[in-house]
Structure formats: C-alpha cells, structure tokens
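Chain letters run A, B, ... following the sequence lines, proteins first, then strands; residues in each count from 1. When reading the values below, keep in mind they use all heavy atoms of this one structure, side chains included, and skip hydrogens, waters and symmetry mates.
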Amino acid sequence: MNYKKTLNLPATKFPMKANLAKREPEQLKMWNENRLHDRIREHSKGRDLFILHDGPPYANGHIHIGTALNKILKDIIVRSRQMAGFDAVYVPGWDCHGLPIEHNVDKELGDKKQGMSQTEIRRLCRAYAEKYIDIQREEFKRLGVMGEWETPYLTLDHEYEAIIAKELCKFAMEGSLFRSKKPIYWCCDCNTALAEAEIEYYDQASPSIFVRFLLKDDLSGDVPPLTGKKVFVVIWTTTPWTIPANLAIAFHPDFEYVAADVGNNEVLIMARELVEGCMKTFGISEFSIIADIRAKTLERKRCIHPLYDRESLIVLGNHVTLDAGTGCVHTAPGHGREDYEVGLEYGLDAYSPVDDNGLFTDEVGFFNGQFVFKANKEINAKLQENAALIAEEKITHPYPHCWRCKKPVIFRATPQWFISMDKTGLRKRSLEEIDRVQWIPHWGRERIYGMIENRPDWCVSRQRAWGVPITVFYCDKCETLLMNQEITDTIFEQLKKHGADVWLEKDAKEFLPDGAVCEKCGNSTFTKETDILDVWFDSGVSHAAVLEQRENLKWPADLYLEGSDQHRGWFHSSLLASVGTRGKAPYKGVLTHGFVVDEGGKKMSKSLGNVVAPKEVIDKYGAEILRLWVSATDYRDDIRISQNILKQLTDAYRRIRNTCRFILGNLSDFDPLKHAVHYESLPEMDRFALCKLAELIEKGREAYDKYEFHVIYHALYNYCTVDLSAFYLDTLKDRLYTSAPDWPQRRSGQTVMHTILDAIVRLMAPILPFTAEEVWKFMPERDGKEESIHLTSLPVADTAWKNRELAERWEQLLEVRGEVTKSMEEARAMKLVGHSLDAGVIISASSDKYEALKSYTDDLRAISIVSKLSFAHKNNEDKTVAVGNTAEVNETPVKVPENGDESLSVLVVPAPGNKCERCWICDPSVGTISDHPTICRRCRDALEYMGGL
RNA sequence: GGGCCUGUAGCUCAGUUCUGGUCAGAGCGCACGCCUGAUAAGCGUGAGGCCGAUGGUUCAAGUCCAUCCAGGCCCA
C-alpha cells in the first residue's frame with residue numbers, strides 16, 4: 001500500500017516563484033479594471049480623514065531611486081492609515097513651472113527660439129511638463145502607489161495658477177510684498193537675467209588691483225600710535241569696474257588687523273597674516289607695524305571713496321577670508337551676493353549704476369556710457385591719478401559665463417519683489433507655528449527653526465518665461481503698489497478661466513477697475529509686472545490650491561513627508577505661504593527621510609558609477625522588493641542600497657512568501673466556518689502560537705502608528721522565520737499530515753494557521769500590496785471575505801490570546817528543545833542519527849525541573865521532533881545519570897553532554913522500535929498490526945477513521 | 001567655513017535621550033551538518049563585533065562630555 005497517498009500533504013496552486021516583474025503589472029491591470037481605488041473610497045466614506053499631502057515632484061525626467069523611496073513611503077503610510085480605519089485620500093501632484101523645464105525647452109529650440117513669442121515658448125514648456133507627468137505617473141503606478149492618478153494636482157492647471165496669483169495678491173494687500181533691488185547674474189549680451197544653473201565657469205584673465213581708501217574718521221583715540229598719520233584701508237579686487245559702486249569695506253570680526261607704517265607719514269591697514277605678502281606685491285620693502293587693531297574698533301568708521309566725494313563704510317562680515325587680498329574686502333552691495341547681504345545688515349543701498357547692456361549710467365560721471373569690462377582700464381587710470389592704486393597685476397581665475405553665449409556675465413542689482421519676513425511679523429508667527437507642528441524626527445524642528453530665524457526676506461521674482469506672473473501693478477510715477485480685493489478677484493477669475501497666459505496677453509486696463517488711481521500720488525497710469533514667481537511659491541500654496549479646494553481633503557494636512565532637504569524647500573515655503581495668509585501652518589506633522597546612498601554610505605553619482613535606477617530593480621526583482629527595501633531601513637538616516645542589500649531582501653521576500661505558501665497548502669481543505677476550533681479547545685501549543693501572534697500584531701500596529709516600518713519588517717520576518725518556520729509550522733507538520741483530515745488536533749492547527757495567515761497578510765498589505773493580494777485570493781473563502789485585502793483592515797489581536805503565564809511556560813519548553821537540538825547535533829556528528837525522528841531522547845533533570853517538565857513530555861517530544869522522549873532524575877552531586885527505564889533504549893548511551901544548564905542534560909539514543917512507513921516515527925507498535933506491518937498504531941487509527949481500512 | 005544629522009558583527013536592525021552597571025543582542029548571509037512529505041524548499045549547529053577614533057567624567061561608559069575621523073542634507 002502506498003501510505004504516502006493517505007497523508008494530508010500541502011496542496012496549493014499559489015506559486016512558489018513570485019515572478020514579480022511579470023505578475024505585478026497584471027495585478028495592477030486587474031485592480032484598475034475592478035476600480036479598486038474607487039471601491040476603497042466608497043467603502044471608507046464617512047470615516048475620519050487622514051490626509052498625507054503630496055509634495056509635488058518636478059515634472060522633468062524619469063523618477064530616480066530617491067523619488068521612488070519617497071513615493072513608496074507615502075504609499076505605505078496611506079495604505080496603513082487606510083487599513084487602520086481612516087479614509088486616507090491621496091492626491092498626487094506635480095510641480096510644473098520653473099527654470100529646468102524652460103531651460104530644456106530652450107536647448108531643444110536652439111536658434112529657433114529667436115522670434116518666438118513668450119506665449120509660444122510657454123506652450124512648449126507646458127507640453128514638456130505634461131509629457132513627463134505622464135511618464136512619471138506610469139512609473140509611480142508601477143511601484144504600486146495608490147492614489148487619485150486620474151485627477152492629480154498640477155501647478156500648471158488654470159485653477160491652480162489662479163490660486164497662486166490670488167495667494168500672492170493676499171501678500172500684496174497685507175503689505176508684506178515689496179519691491180527692492182538685489183544683485184543677480186546678468187548677461188549683458190543676451191540682455192537677460194540668469195539663474196545659478198545657467199552659469200558656467202571658465203578661466204579668465206582679470207585685472208587684480210589693490211586700492212587704498214583714506215580713513216575719514218580719526219582713530220587715534222582708540223589707537224594712539226596712529227595720531228597724526230594718514231591712515232588707509234587697503235582693498236583688493238579683480239573687478240575694478242565695481243569700484244564706482246563701492247559703498248563699504250568689510251572686515252572679519254575675528255581676524256587680527258594691523259597698521260603698517262610705510263613712511264611718508266602714511267599707514268596702511270590690513271590683516272596681519274597678509275601684510276608680508278601684500279607689501280611684496282606693492283614693492284614696499286620698508287615698513288613697520290605700529291599697532292594692532294581689532295576689527296570691532298573699525299566697525300562703522302568711514303573711509304573716503306577714491307573716486308567720488310562719498311563715504312565708504314567699514315562693516316564686519318564672516319564671509320571675509322585670508323585666502324587672497326588684504327583681509328579688507330571691497331564691498332559693492334549692488335554687485336555681489338555677499339556684498340549685498342552684508343549691505344542689508346548695515347542698511348546700505350544695492351547701488352548698481354549699470355544698465356541692461358552693461359553700460360555705466362550717467363551717475364558714475366567719468367565712465368558714463370562705457371561697457372563695464374572695457375572701463376576697467378580707465379578706472380585704474382583714474383585711481384592711479386588719485387594716488388589710490390597701490391598695485392596692479394593680472395590674474396587668471398574661474399569666472400562665471402553665460403551658458404548660451406559663453407560671454408562673461410556680471411552681477412548686477414535689479415528691482416526684485418520680496419515678501420518681508422518682518423514687516424507683518426511673518427518670521428515671528430512662523431516660528432511660533434513651528435512649535436505647534438510635530439516634527440519627525442524631532443530634530444527637524446531645530447533645522448527649520450534655525451532657517452526661518454535667520455533667513456533674509458523671500459525674493460519671489462524671477463525674470464523668466466515659464467511660471468506664474470507676479471500679478472501686480474505699480475504706479476508709473478512713484479512705483480507704489482496698486483492692489484485691492486476687486487483687482488484680486490478680477491485677476492483670479494481671468495486666470496482661472498484662461499490660465500496665466502492671459503496676464504501676458506491682455507492689457508493692464510483689462511484687470512483694473514475704471515478710474516483706478518495711485519493712492520499715493522494720484523497718477524492713473526500703471527505698470528503691469530512681467531516677472532514671474534519663484535516656483536517655491538507655486539508649490540508653497542498647494543495647501544490652498546489642493547487641500548482647501550477639494551472636498552474630499554481637509555486643511556491643514558495631517559502629514560507632509562519629504563526628504564530632509566525640504567526643510568529649506570517645500571516645508572519652508574509652505575509654512576511661509578500659509579502663515580502669511582492664514583496665520584497657521586498647513587500641516588500638523590512633518591516627516592522627513594534621508595537620502596539614498598550606496599553601500600559604503602557615499603552619495604550616488606554618475607561619476608562614481610554607484611547609481612541604482614528604480615527601473616532596473618523593478619525589472620530584475622519587482623516593485624515588491626523595492627518596497628520591502630523601503631520598509632526594511634530606518635529611513636530617518638541615510639538609506640543604503642546595493643545589489644548585496646537587494647539580494648538579502650529577495651531572500652527575505654522568499655521566506656515570507658514561502659511561509660504563506662506553506663500555510664495555504666495546509667488550508668486547502670479547511671473551511672473556517674465549518675472547521676474552526678474554538679480557542680478554549682485548542683492545545684496549549686496552539687494557544688502559545690496565538691500568543692506570539694498577538695505580540696506580533698501589537699508590535700506591528702504600534703509601529704505603523706509611529707511610522708516605524710523597519711520595526712514591522714524585522715518583526716514580521718523574524719516571526720516567519722523563528723516562530724513559524726523553525727518552530728510552530730515545523731512541529732505542526734506531523735499533526736497536519738498524519739492525522740485524519742477531521743481530527744481535532746489537525747483542525748486546531750489549521751484554525752491557528754488560518755488566523756496567523758489572515759493576520760500577517762493584513763499586516764504586510766501596506767508594504768507588500770501585490771503579494772498580500774495574491775495570498776488573499778488563495779485564502780479559504782468564507783462569508784464576508786472582502787474581495788481585496790486592500791478593502792480590509794489591520795489585524796486585531798484577541799485579548800484572550802495574550803497569556804503571559806502560558807507563554808513563559810512554553811519559552812521554557814523551547815529552551816529545553818534548544819538543549820535537545822544541541823545534543824542531537826553531537827549525535828549526528830557521530831553518525832548516530834540523521835533525521836531527528838531516528839532519535840530518542842532521555843532528559844535528565846534536577847528535581848525541580850523534573851517536576852516542571854514531566855507533564856509536558858508529549859509536547860516536548862513533538863516540538864523536538866524526535867520519536868521518543870523520556871525523563872530521568874539527575875543526581876547533581878556526582879553528575880551521573882540514572883536512566884529510568886533502560887529497556888526503552890536498547891542501545892548503549894553515547895555520552896552525557898556537558899550542557900550549559902547544569903540542572904539539565906540530554907542523552908540522545910537511537911529511537912526504540914521500528915520506523916513507521918507512514919508517519920516516520922519509530923514506535924514499538926510498528927510490526928504488531930497484522931494487515932499493516934509497516935505502520936504504527938496511530939496511523940492505523942487514522943486510516944481506519946478515514947475509511948481506508 | 002556654518003547649521004542640522006549619522007557612525008553597534010559582511011548586511012538590515014535592537015540596545016544609546018531624560019533614566020551609565022547581568023548589554024554586547026536578533027535575523028539574514030557565511031561555514032559545517034541533516035533532511036528529501038514547504039523541494040529553485042525545510043531543519044539544526046557554529047564562527048563573526050576592542051559598539052568610528054582618541055581623550056575625559058565616574059567605583060563603573062556602546063550609553064554622559066570634549067576633540068578628531070568618516071559620511072549625508074542644507075547653506076556659505
């Protein structure tokens with residue numbers, strides 16, 4: 001007789017091989033056809049909302065591993081909150097305006113751009129953005145990210161553009177929007193402003209000049225050795241043409257400065273460290289240091305400009321270095337970024353007497369109308385004439401050039417629009433709001449607080465084409481801003497209807513009420529601003545354009561989740577945009593993740609060749625592996641990825657998958673309604689398994705709540721490996737396979753396995769949505785079984801399952817099992833046994849242990865998976881073993897192992913009796929059954945019960 | 001150069017704050033062995049770390065302090 005056929009071996013069509021790269025797209029298709037997302041929305045109507053507001057990725061290029069990480073994290077959160085009982089609506093978005101798109105369109109156009117209208121270029125930019133939105137949308141969907149992909153929010157939507165304008169108008173009406181000069185990169189040849197990204201550095205020869213400024217204020221009070229001397233401060237510059245715009249000289253507050261007497265009653269002030277070198281350059285061999293001067297002493301003292309009858313203020317700034325020059329830095333706030341910054345602190349004007357073509361204006365007198373670079377020579381001559389030029393050389397250094405025409409660019413102050421941080425208390429209110437937000441990790445608070453505390457006013461204007469215009473008017477005569485509710489409403493309606501292009505196409509008067517006059521000077525003609533807005537303003541108002549607009553969302557959001565760089569970016573601009581107009585932060589919580597780096601912790605770069613593309617991972621392993629990777633790491637730090645790490649994750653995935661598969665195989669004949677065994681009737685071991693499951697569920701739920709997914713990954717994985725595969729399921733096999741199908745010990749095991757699988761599949765669903773769904777479909781049908789795992793909820797642990805006393809008892813049994821397996825290994829090494837069922841075990845225990853364990857003899861035998869297990873008393877004095885009934889053993893004991901636990905030792909012997917052909921357990925009853933001489937009594941009973949006899 | 005953060009076995013993570021002492025752990029991987037009734041599976045045993053480095057505080061430091069090194073993000 002073929003007894004194998006009488007066993008209940010696992011049977012399932014659930015494939016062992018995941019074949020994710022192929023199966024995932026099919027699953028996606030199916031979800032799409034079944035309108036799963038819509039069903040989930042309907043299903044959760046009326047629940048509390050949980051809103052994770054999507055930070056819009058930039059609609060340019062394919063997604064990279066960092067974008068994938070971000071979106072998967074969001075998806076895990078949305079799915080887990082959904083399954084925790086919320087209505088978690090996720091509306092993805094895209095950031096569509098801005099320089100990179102315009103720049104790429106520019107590049108594609110080349111010379112064709114000449115003669116094209118602003119509107120035509122904008123149309124191309126729009127098409128470009130839309131193209132990449134479609135590409136990225138598919139890429140995100142492929143990751144298994146669920147959301148309203150059919151109706152995402154786009155910053156280029158007409159309504160969104162209208163809201164951008166409307167929010168800006170609020171700032172204008174409130175009085176925090178103002179116009180002021182600020183230096184920017186400017187190409188005199190292309191006649192255009194340039195962004196940082198459009199600058200290319202090439203080496204260039206420049207003049208290098210040292211100029212002395214006569215100190216106007218008398219310093220002899222503070223520094224007596226200077227009494228009666230002519231004191232000069234010496235500066236160095238490579239752009240003589242900015243000397244006419246000099247308004248200050250900057251000193252470092254911490255450097256040491258000295259006064260060097262160079263004879264002729266003249267004294268030069270420079271940084272001590274640079275004196276020697278400079279004097280050589282100047283050709284001055286005879287000099288003596290006559291005083292040390294602290295920078296603080298010089299602060300706010302005044303020098304006389306070498307060319308004009310004007311003062312130059314001495315200021316302090318940390319940007320001053322000792323790398324070159326004199327340690328006293330020529331400062332023209334209209335022509336340098338740091339100059340501008342330090343100028344702001346001292347209330348200096350961003351003076352820039354240069355026009356769009358790079359020609360000096362008539363303000364500068366002598367050089368009026370000259371091109372700045374050409375004027376260098378003449379300026380030097382003039383300085384020479386005024387005895388201010390101490391030295392003149394040539395220097396080759398990297399200098400910024402225009403990306404398009406490759407000509408050197410200049411830094412030049414032009415009028416820009418700003419949102420003031422302090423005029424209306426925006427800074428103060430924002431700082432207060434920061435403390436009302438939950439920052440995860442907690443240090444996010446320090447980071448953004450420091451930034452808001454120290455940042456300058458927000459420059460919101462850009463001189464570009466692809467963006468939302470700054471929809472304001474200012475008086476032609478006095479430049480006063482004109483803005484009121486009526487104008488705001490008109491602008492909003494116009495943009496909502498026609499998009500932002502309408503601002504360029506229509507005349508100013510179409511937006512202005514009849515008879516509008518400047519409230520300051522009464523003039524009735526106005527300039528329509530044509531600058532566009534900083535794209536950070538676009539995305540910064542998403543709370544208004546999305547959260548407030550859509551009925552299924554709410555304001556403020558529960559959570560914003562982006563990389564930690566967004567403390568400076570979106571979290572920052574969103575906070576300002578919201579506090580400035582609503583007085584409150586647009587989010588209750590902000591979660592940040594780190595950046596993806598390689599296995600060595602180095603950032604990814606093409607040159608290092610360590611870039612991992614999401615597509616490659618998906619094609620090779622599947623999106624589930626990428627998702628598992630996201631869940632496995634503590635994303636608050638940098639996140640490492642490598643082939644090695646992915647390999648490990650595929651192993652882990654297989655283990656989880658196989659565990660599910662094994663359970664499914666053993667549930668093939670299980671109907672939960674008919675066969676489930678009540679908790680009270682379960683054997684202790686099964687109740688212990690449920691106790692472990694309860695621990696897992698609680699840990700998992702708590703971890704989801706705290707967004708600590710790596711805790712779930714580890715808990716789930718360890719549970720599958722340690723608690724299930726290596727213990728419970730392995731032990732259960734005998735019961736499942738050899739019992740008659742309906743025997744209670746088998747149904748008990750199935751009941752518990754079904755409960756376990758139901759729980760772990762729910763627990764993994766937010767992380768592994770594809771696999772969870774696949775398993776779900778193979779699970780036994782029952783009344784009320786949802787059609788999709790994603791329509792269910794997270795598992796709940798029955799309070800009855802938690803039984804500490806029982807758990808402690810069984811942890812002890814597991815320890816004994818550990819002793820047995822150790823001893824088994826020694827017996828194996830001696831070739832005494834192979835399969836553990838070949839062995840019998842005699843455990844010698846001290847009296848207390850003996851009493852505690854004796855009644856668990858059968859359980860211990862089962863969990864040790866040996867054929868026979870018996871107990872003997874142990875004599876602690878002489879460490880000899882008294883085997884109770886040696887007749888059972890038949891063979892000479894091999895060894896008394898020196899176990900770590902002195903009170904317990906294990907003796908492994910060949911199992912008594914013959915091996916049952918059916919259940920493989922050695923038992924004396926084998927051979928005693930006349931019709932079935934190769935099986936044991938238990939198997940005979942099973943066969944009889946099944947009607948096989 | 002400044003701000004914020006990170007550094008425990010080959011890998012992924014526990015343990016690290018307020019609350020210093022039985023705290024050096026888990027799983028994987030690896031090595032060796034077993035099984036062939038989860039089989040492109042399953043089980044067992046074992047080896048692996050001077051807790052980034054150096055100083056300090058303390059009776060006692062992975063845990064507190066300082067400095068340094070390496071790395072990340074954001075600024076300059």
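Partner assigned to G48(B) is none, using Watson-Crick or G-U wobble distances below 3.5 angstrom. The partner of G42(B) is C34(B), judged by Watson-Crick or G-U wobble contacts that both fall below 3.5 Å. C73(B) and G3(B) make up a base pair, with Watson-Crick or G-U wobble contacts both under 3.5 Å. Across every strand in view, A14(B) sits unpaired, with no contact that passes the Watson-Crick or G-U test at under 3.5 angstrom. When both distances must be under 3.5 Å, the Watson-Crick or G-U wobble mate of C64(B) is G56(B).
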With the sugar-phosphate defined as primed atoms, P, OP1 and OP2, and the base as all remaining atoms, what B/S/- string results for nucleotides 34-39 of chain B, 5' to 3', for protein heavy atoms under 4.0 Å? SSSBBS
Protein within reach of the bases, or only the backbone? For nucleotides 69-74 of chain B, mark each nucleotide 5' to 3' as B, S or -, using heavy atoms under 4.0 Å. --SSBS
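Nucleotides C64(B) and U17(B) have their P atoms positioned 5 Å apart, rounded to a whole Å. Atom name C1', nucleotides G10(B) and C18(B): the rounded distance is 35 Å, in whole Å. Straight-line distance between the P atoms of A76(B) and G55(B): roughly 39 Å, to the nearest whole Å. Atom name P, nucleotides C50(B) and C11(B): the rounded distance is 13 Å, in whole Å. For G7(B) and G49(B), the C1' atoms lie 14 Å apart once the distance is rounded to whole Å. Look at the P atom in both G44(B) and A26(B): the space between them is 14 Å, to the nearest Å. Across the P atoms, G15(B) and A9(B) are found 15 Å apart, a figure rounded to whole Å. Comparing the P positions of C43(B) and G29(B) gives a spacing of 10 Å, expressed to the nearest Å.
Between L860(A) and I863(A), some side-chain heavy-atom pair lies under the 4.5 Å cut-off.
Between H710(A) and A14(B) there is a side-chain polar atom (N or O) within less than 4.0 angstrom of OP1 or OP2.
For the pair T331(A) (side chain) and V329(A) (backbone), a donor-acceptor distance under 3.5 Å is present. With hydrogens and angles ignored, the 3.5 Å screen pairs a side-chain donor or acceptor of N8(A) with a backbone N or O of S739(A). Panel note: side chain D457(A), backbone M421(A); a donor-acceptor pair is recorded below 3.5 Å.
Residues in residues 440-453 of chain A take part in these side chain to side chain donor-acceptor pair (under 3.5 Å) pairs, two or more places apart or across chains: D435(A)-R445(A). Counting only residues at least two apart or on different chains, the salt bridge (Lys or Arg N to Asp or Glu O under 4.0 Å) pairs with a member in residues 636-649 of chain A are D634(A)-R636(A), R636(A)-E708(A), K647(A)-D651(A).
Y713(A) has its OH atom 13 Å from the P atom of A14(B), to the nearest Å. In this structure, the CZ atom of R654(A) is 9 Å from the P atom of G42(B), given to the nearest Å. Remark: C1' of C43(B) and CZ of R817(A) are 9 Å apart, rounded to the nearest angstrom. Separating the CH2 atom of W458(A) from the P atom of C75(B) is a distance of 14 Å, rounded to the nearest angstrom. Taking atom NE2 on H572(A) and atom C1' on G3(B), their separation rounds to 14 Å, with Å as the unit. Regarding E453(A), its CD atom lies at a distance of 14 Å from the C1' atom of C4(B), rounded to whole Å. Rounded to whole Å, atom P of A14(B) lies 13 Å from atom CD1 of I712(A). Rounded to a whole Å, the NE2 atom of H593(A) is 17 Å from the P atom of U6(B).
Between K602(A) and N610(A) the shortest heavy-atom distance is O-ND2, 4.0 Å.
Closest approach to the K17(A) side chain among A40(B), U6(B), G10(B) is made by A40(B) (side chain taken as heavy atoms from C-beta onward). For Q648(A), the side-chain atoms get nearest to G27(B) when compared with the rest of C4(B), G27(B), G44(B). Closest to the T721(A) side chain, of the nucleotides C11(B), C5(B), C28(B), is C28(B). For R636(A), the side-chain atoms get nearest to A14(B) when compared with the rest of A14(B), A41(B), U6(B).
Note on ring orientation: taking the six-membered ring where Trp is involved, the planes of Y587(A) and W439(A) are perpendicular (angle over 60°, cut-offs 30° and 60°).
Considering only residues two or more places apart in sequence or on other chains, E338(A) meets the salt bridge (Lys or Arg N to Asp or Glu O under 4.0 Å) condition with none of them.
Salt-bridge formation is not detected for the pair E811(A)/R817(A): no Lys NZ or Arg NE/NH1/NH2 atom is positioned less than 4.0 Å from an Asp or Glu carboxylate oxygen. Between K706(A) and E702(A) there is a salt bridge, since a side-chain N of the basic residue sits under 4.0 Å from a carboxylate O of the acidic one.
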Would you tabulate the side-chain donor-acceptor contacts of residues 564-572 of chain A under 3.5 Å, counting partners in other chains and residues two or more places apart, or write 'none'?
unit_1  : atom_1 : unit_2  : atom_2 : d
Q566(A) : OE1    : W570(A) : N      : 2.8
H567(A) : ND1    : S564(A) : O      : 3.0
W570(A) : NE1    : S539(A) : O      : 2.9
W570(A) : NE1    : S574(A) : OG     : 3.3
H572(A) : ND1    : H567(A) : O      : 3.3
H572(A) : NE2    : R455(A) : NH1    : 3.0

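Both A652(A) and T633(A) lie close to RNA chain B; mapped to their nearest nucleotides by heavy-atom distance, the more 5′-ward contact belongs to T633(A).
Looking at heavy-atom distances under 4.0 Å, V711(A) makes no contact with the nucleic acid at all. When heavy atoms are screened at a 4.0 angstrom cut-off, E338(A) is found touching the sugar-phosphate backbone but no base atom.
Anti is the classification of G7(B), since its glycosidic angle lies more than 90° from 0.
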